[in-house]
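Written out below as structure tokens is the structure these notes cover.
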There are 2 protein chains.
Amino acid sequence: MHANVKNVIPISGHSLKAACSQCNLRELCLPFGLEESDMARMDTMIGGGRKLKRGQHLYRAGDAFESLFAVKAGFFKTDVLTEDGRDQVTGFQMAGEILGMDGISVEVHTCNAVALEDSEVCMIPFTQLEALSSEIPSLQHHLHKVMSREIVRDHGVMMLLGTMRAEERLAAFLLNLSQRFTARGYSPSEFHLRMTREEIGSYLGLKLETVSRAFSRFQDEGLISVQQKHIRILDIPKLKTVLTPPDGRIG
Amino acid sequence: MHANVKNVIPISGHSLKAACSQCNLRELCLPFGLEESDMARMDTMIGGGRKLKRGQHLYRAGDAFESLFAVKAGFFKTDVLTEDGRDQVTGFQMAGEILGMDGISVEVHTCNAVALEDSEVCMIPFTQLEALSSEIPSLQHHLHKVMSREIVRDHGVMMLLGTMRAEERLAAFLLNLSQRFTARGYSPSEFHLRMTREEIGSYLGLKLETVSRAFSRFQDEGLISVQQKHIRILDIPKLKTVLTPPDGRIG
DNA sequence: AAGTCGGGTTGACACAGATCAAAGGGGTGC
DNA sequence: GCACCCCTTTGATCTGTGTCAACCCGACTT
């Protein structure tokens, strides 16, 4: 946790030197599967870590695209908003996940990324990443996998928004969080939500009242316990059955 | 259209030699921006074109992933279906668009791709594409752009599914088709839908009856004329206002 | 310690879209 | 060229979620 201390600049909000080779997220993050020597080359490329306070924007729609970002610590949301005032949360990102891939296509970011708690990211200058990845096939391939995974995830959200009812959406959301926390060594059944009911609702295509009611109903049925943003899943298998009604819906 | 005739094998369903350098879609498709010499290298890599009849699968969820496909002619849909019988159309693809990027992440396709009319695709073996793109920076970069564009497109669909009402969704859908047909040199205002009302509904998160009613209402209001699958947009600006209510919805 | 404010919960009611049902039409395959 | 079947349209009714409103709670502020 205190690697590279000599490079740390103690001004809040900036320039903590990052090093993939020292990072305990490397098995989740972009350098996954790299050899020692290649990891060292990543290190030289990765821009200084950047710290953000809760509520701060990592980037905004319209900003020039220059880098991807890896979440080192904390929690983010991304959202798109249109001229006519619609607002859609497109994802929540936690440690080891990559932000900014929306910007590659037009060299301008198309969504906003906001820290939902005090957070830290590593900056990955994209031009350099491309250069390095053409020299390191496994890095190139992994980058493609990360982008593809994002596409697959988006398809999952489309499925959720297109076919599920409110309680199914919320159950899917909670189970997804649970699984991602598990992968990071946290409890699968107990966690703090970093986002508001409204943000959950936006992500799930529901109004905040509907989200709140669904939480209450899950609690009444003994599936979870809710205290504000603190969630405890009491019965994971049963929560899964919310997603898969007993007789299916094959037709 | 009749390039490479000498290589055509007249058995339906297979092996029409493809050549990017001869293809009139090259400015829309993956080799966009390549130099002559690099284009020639693409040619050697591109697998024989493959023809599909209407209704035929290009690939299925669960198939091993080996190639991307470029739509050379025709029209496809992609859809995901879950064990419990949910079915979500995730996209419709036309000439010059790339299919199969969902498969990169786990080396297995996660959705089905089906031809909605007799179609033809070029096969792009992915391992070879990665190898070539590490030698041709502009190819690598363009591949990234194509993947990023898919992510941005997916965000647009999430916005549509999460925030729009039925008529807004259909208007957005028609305008999107119109724009893509225009980019391919077809009429912006008159086209045949290749998909059923049910497939449109699945894509838009609506039931087929709702889609049908929305079509009828647009027709009653003089925005479009509908005769089965033949659509004529009579008033594009007015159709756009369906998407952007006069006073917006800022609040 | 009281006041304020944003976020959350809950209730009553409205409405968009789903569901169920029936009939017509056109394209496809034989 | 004919027949069949799927697609589409339209109507009547139902329902899940949105909308509007009131109230509560906990966290900051002063």
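No experiment lies behind these values; they were computed from the predicted model shown. Residue numbers begin at 1 in each chain, while the letters A, B, ... track the order of the sequences.
Using cut-offs of 30° and 60° for the angle between ring planes, the Tyr59(B) and Phe69(B) rings count as parallel. Between His192(A) and His230(A), the angle of the ring planes goes over 60°, which puts this pair in the perpendicular group of the 30/60° scheme.
Nucleic acid contact for Leu208(B): base, since at least one base atom lies under 4.0 Å from a heavy atom of the residue. Within 4.0 Å (heavy atoms only), Gly55(B) reaches no atom of the nucleic acid at all. Counting non-hydrogen atoms under 4.0 angstrom, Gly201(B) reaches nothing in the nucleic acid. In this structure, Arg54(B) reaches the sugar-phosphate backbone alone: every heavy-atom distance under 4.0 Å involves primed, P, OP1 or OP2 atoms, never a base.
Under 3.5 Å, the side chains of Thr244(A) and Glu83(B) contain no donor-acceptor pair of N or O atoms. Counted by atom type alone, Gln219(A) and Ser225(A) present zero donor-acceptor pairs between their side chains at under 3.5 Å.
For the pair Glu209(A) CD and dG16(D) C1', the computed distance is 14 Å after rounding to whole Å. Atom NE2 of His230(B) and atom C1' of dC7(D) are 18 Å apart (whole Å). In this structure, NZ of Lys207(A) is placed 16 Å from C1' of dA21(D), rounded to the nearest angstrom. To the nearest angstrom, P of dT8(D) lies 9 Å from CG of Leu193(B). Rounded to an integer number of Å, the gap from CZ of Arg165(B) to P of dT17(D) is 17 Å. To the nearest angstrom, C1' of dT17(D) lies 17 Å from CD1 of Ile200(A). Atoms CZ (Arg169(A)) and C1' (dG16(D)) sit 11 Å apart, rounded to a whole Å. Distance Leu206(B) CG to dG16(D) P: 18 Å, rounded to the nearest Å.
For DNA chain C, the span of nucleotides reached by chain B at under 4.0 Å from its heavy atoms goes, 5' to 3', from dA16(C) to dT28(C).
The number of heavy atoms from other shown groups lying within 6.0 Å of OH (Tyr186(B)) does not exceed 12. Heavy-atom contacts from other residues, nucleotides or ligands closer than 6.0 Å to CZ of Arg184(B) number more than 12.
Judged by distance alone with a 3.5 Å cut-off, no donor-acceptor contact links the side chain of Gln227(A) to the base of dC25(D). A donor-acceptor contact under 3.5 Å links the side chain of Arg213(A) to the base of dT19(D).
In terms of position along DNA chain D, the nucleotide closest to Glu167(A) lies nearer the 5' end than the nucleotide closest to the other residue of the pair Glu167(A) and Gln228(A).
A close approach under 4.0 Å does not occur between any side-chain nitrogen or oxygen of Thr196(B) and OP1 or OP2 of dC7(D). For the pair Arg197(B) and dT8(D), the criterion of a side-chain N or O lying under 4.0 Å from OP1 or OP2 is met. The phosphate of dT8(D) has OP1 or OP2 within less than 4.0 Å of a side-chain N or O from Lys229(B).
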Chi angles and distances behind the side chain to side chain donor-acceptor pair (under 3.5 Å) call for Gln88(A), Ser202(A) = CA-CA 5 Å; Gln88(A) 173 73 28; Ser202(A) 171; 4.6 Å; no
Test Arg86(B) against Glu168(A) for salt bridge (Lys or Arg N to Asp or Glu O under 4.0 Å), laying out the working first.
-> CA-CA 12 Å; Arg86(B) 292 177 215 274; Glu168(A) 295 170 340; 3.1 Å; yes
